[in-house]
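Side-chain atoms are counted along with the backbone in the values below, which use heavy atoms only and exclude waters and symmetry mates. Since the model is a prediction, treat every value here as computed from it, not as a measurement. Whatever order the structure lists them in is the order used to number ligands and atoms, beginning at 1.
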Amino acid sequence: MIRLDKYMAMCGLGTRSEVKRYIRQGLVCVNDVQVRCDDVKIDEEKDRVLFESQPLNFKKNVYVVINKPKNCICTTDEEEDGTIITDYLDEFMRARKLFPVGRLDADSEGLLILTDDGDFCHNVITPKKHIPKTYYVEFVGMLSDKEIQKLMKGVKIGDYTTLPSKVRRLGEQKLEITIHEGKYHQIKLMLEAIGNRVTYLKRIKIGNFGLPEMLMPGEYRELSSDELQQILCKENI
Ligand code: URA
């Protein structure tokens, strides 16, 4: 059950104070009865809410894929200096108070999921669920086969040893790395652990869901339920 004003704000009709005004103006009906009181409780599964005689489309949770641009911080804290990821969202999405599913560094780019579903977020980021995250990596100098083997086996970053990862050479200074965990600066620190340095980092896949090619940096769209299943897939193919 959820308060009527919150329900309407979650449907994208405006801020809590705007929707309270609509309710007081008599523009809202619940199960064919006009209501003027914003603390009426709504059963999201059963109740039928009309605004100016039109049924509302309620989504319990929202899931968005955004192509995170460089120089943007993965936070919802509006006090933070500089551009934050929610600056790219429209008013409706901002009202939903979405948060990032795992972080990308300010200078990293690519696939980022935003949601208001805490359970989904936990399931994607916890190493216990083994959801793979794949990164395209550019680095300086050369990496020998032995160094690549080390990355795959696990390297020490601080006092933590990384879990086995998949590494694919894409070119002289280009790799694809798939990990199942998300330690702070993990890919950069893994390369540092073998005496190298990342110069460019982009997340390209989570689970079996790849960053949509049509999505330019800063652009986002909602995910379908099929895509959510692809994200939760333990194998990336
Ligand atoms: N690893 C990093 O070092 N940075 C990121 O943004 C993501 C993974």
Look at atom 1 (N) of ligand 1 and say which protein heavy atom is nearest, naming residue and atom and giving the distance to 0.1 Å. Ile187 N, 3.1 Å
What part of Leu189, side chain, backbone, both or neither, has a heavy atom within less than 4.0 angstrom of ligand 1? neither
Against ligand 1, does Tyr135 come closer than 4.0 Å with any heavy atom? yes
Going by atom types only, do Tyr200 and Glu109 share a side-chain donor-acceptor pair under 3.5 Å? yes
Using a 3.5 Å cut-off on N or O atoms only, is Lys188 in polar contact with ligand 1? yes
Nearest protein heavy atom with distance in Å, relative to atom 6 (O) of ligand 1: Asp105 N, 2.7 Å
Distance under 6.0 Å and angle within 45° of the ring axis: does Lys183 meet both against Tyr160? yes
Quick test: of every protein heavy atom, which one is nearest to atom 2 (C) of ligand 1, and how far off is it to 0.1 Å? Leu201 CD2, 3.4 Å
Kindly indicate whether the side chain of Leu191, heavy atoms from C-beta on, has any atom under 4.5 Å from the side chain of Ile177. yes
Listed once per pair and sorted, the salt bridge (charged side-chain N to carboxylate O under 4.0 Å, His left out) pairs that draw on residues 138-148, sequence neighbours left out: Asp145-Arg169
Just do the side chain to side chain contact (heavy atoms under 4.5 Å, CB included) check on Asn67 and Glu219 with the steps written out, would you? CA-CA 6 Å; Asn67 184 353; Glu219 290 183 346; 5.7 Å; no
Where ligand 1 meets Ser108 - atom numbers and elements under 4.0 angstrom, heavy-atom basis: 4 (N), 5 (C), 6 (O)
Does Glu45, at its CD atom, have more than 12 non-hydrogen atoms belonging to other residues, nucleotides or ligands within less than 6.0 Å? no
